[in-house]
Amino acid sequence: MRREGVQEEGLYSIRMHASSEKGHLCGAERIVPRGLIPLISETLLGRAWKRRAPGPASISIRVDAVDTGMIRTIPLLPVRTVQAGDPSAAESQALALLVSAGVSERSARGALCALGSGASPDGRNMRGGMIIHAETGERLEPDPARGVRVSHMDVAEAVREDLQVFLRSHGLQHPRVMEAVILASKVAWVPGLVAEVCRSDDPGYTTGYVASRELGYVRILNMKRPGDTFGGRAFFVDGHASIERIMEELEDAPYLISEIP
Ligand code: AMP
């Protein structure tokens, strides 16, 4: 991992967030050269408008200059898929992968259980992810309803097309997969992070993943039954690391993927 000036001078973070009357609806973000700001802002706005009725009640687009000297350039995690016939088989796969990444069985089981039953104190899904002590399973995020929101990551423009070709070659065209692999790649390279597990909250999307620097991005089929609205993310951390530093890095440090496997 390098933290140094990259070739792309004048980069900007663009973040879109849309809400309906009921609250959060969708969000997306990019890190792009200055010249692409109008085009990408319009693309992100378009994504919010495309949501089903009643659609967004408000959309915000925020553009911030990125300090290019602070950007970390990282490789994309390699991607593979493991088969699982049903949620119970998928859970066993996820458990085995997490344990092989250095998470204790107790910690992994606790996280998987929380993800499947609403990890927020009110029994609903969280807005962000849980931070969990990889050994003890203790929840460490300061706000267990919000969790931590991973932000400020993208693929460098120079290899964006390569990433699309790479994902197509795996039969994975959906933008959701691209965004998840980019997020998981950032998370895997954050110092102190041991592994991540994700279960989508979309009732129509049943594939989850486990990711770490060593394992790569491992998609697991049938993590839940169709119609199940519970989902979330758990970030397992080394108990000796500083939680403040990890949160700061996950939320604010800009990461760009500059190599596709
Ligand atoms: P999704 O993969 O979009 O279905 O999201 C699944 C769950 O992951 C959501 O319910 C959130 O709890 C969590 N999540 C979504 N986006 C982020 C993010 N940027 N950072 C941390 N957690 C997230």
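Positions are given from 1, in the same order as the sequence printed here. Remember, it's 1-based here, ligands and their atoms both numbered in the order they're listed.
Considering only non-hydrogen atoms, atom 6 (C) of ligand 1 lies nearest to Arg199 out of Arg199, Arg146, Glu29, Glu251. Of the listed options Val177, Val150, Leu250, Asp202, Val150 places a heavy atom closest to atom 19 (N) of ligand 1.
Polar contact check, Gly128 against ligand 1: a nitrogen or oxygen pair lies under 3.5 Å apart. Below 3.5 Å of separation, one finds an N or O of Met126 facing an N or O of ligand 1. Between Asp201 and ligand 1, an N or O atom pair is found at a separation short of 3.5 Å.
Counting only heavy atoms of the protein, atom 4 (O) of ligand 1 lies nearest to Ser200 OG, 2.8 Å. With hydrogens left out, the protein atom closest to atom 17 (C) of ligand 1 is Arg149 NH1, 3.4 Å, a heavy atom. If you check which protein heavy atom lies closest to atom 8 (O) of ligand 1, you get Arg233 NH1, 3.0 Å.
A search for side-chain contact (heavy atoms from CB on, under 4.5 Å) contacts involving Ala119 returns Ala114, Met126, Met130, Arg139, not counting sequence neighbours.
Counting atoms of ligand 1 from 1 in the listed order, those under 4.0 Å from a heavy atom of Gly232 are 7 (C), 8 (O), 12 (O). Those atoms of ligand 1 with a heavy atom of Leu183 less than 4.0 angstrom away are 18 (C), 19 (N). For ligand 1, the atoms closer than 4.0 angstrom to any heavy atom of Gly129 are 21 (C), 22 (N).
At least one cation-pi condition fails for Arg72 and Trp189: the charged atom is not both under 6.0 angstrom from the six-membered ring centre and inside a 45 degree cone around its axis.
Residue contact annotation: Arg127 has a non-hydrogen atom under 4.0 Å from ligand 1. The closest approach between Val148 and ligand 1 falls below 4.0 Å for a heavy atom of the residue.
Judged purely by distance below 3.5 Å, without hydrogens or angles, the side chains of Ser107 and Glu135 never pair a donor atom with an acceptor atom. With 3.5 Å as the limit, one finds no donor-acceptor pair spanning the side chains of Tyr205 and Arg176. With 3.5 Å as the limit, one finds no donor-acceptor pair spanning the side chains of Tyr209 and Arg219. Side chains of Ser120 and Asp122: a donor-acceptor N/O pair is present below 3.5 angstrom, by distance only.
Evaluation of the ring-ring contact (aromatic ring centres under 6.0 Å, His included) test over residues 56-112, restricted to residues two or more places apart or in two chains, returns none.
Heavy-atom contacts from other residues, nucleotides or ligands closer than 6.0 Å to CD of Glu161 number 12 or fewer.
Ion pairing between a basic and an acidic side chain is recognised when a charged N comes within 4.0 Å of a carboxylate O; Arg245 and Glu249 show no such pairing.
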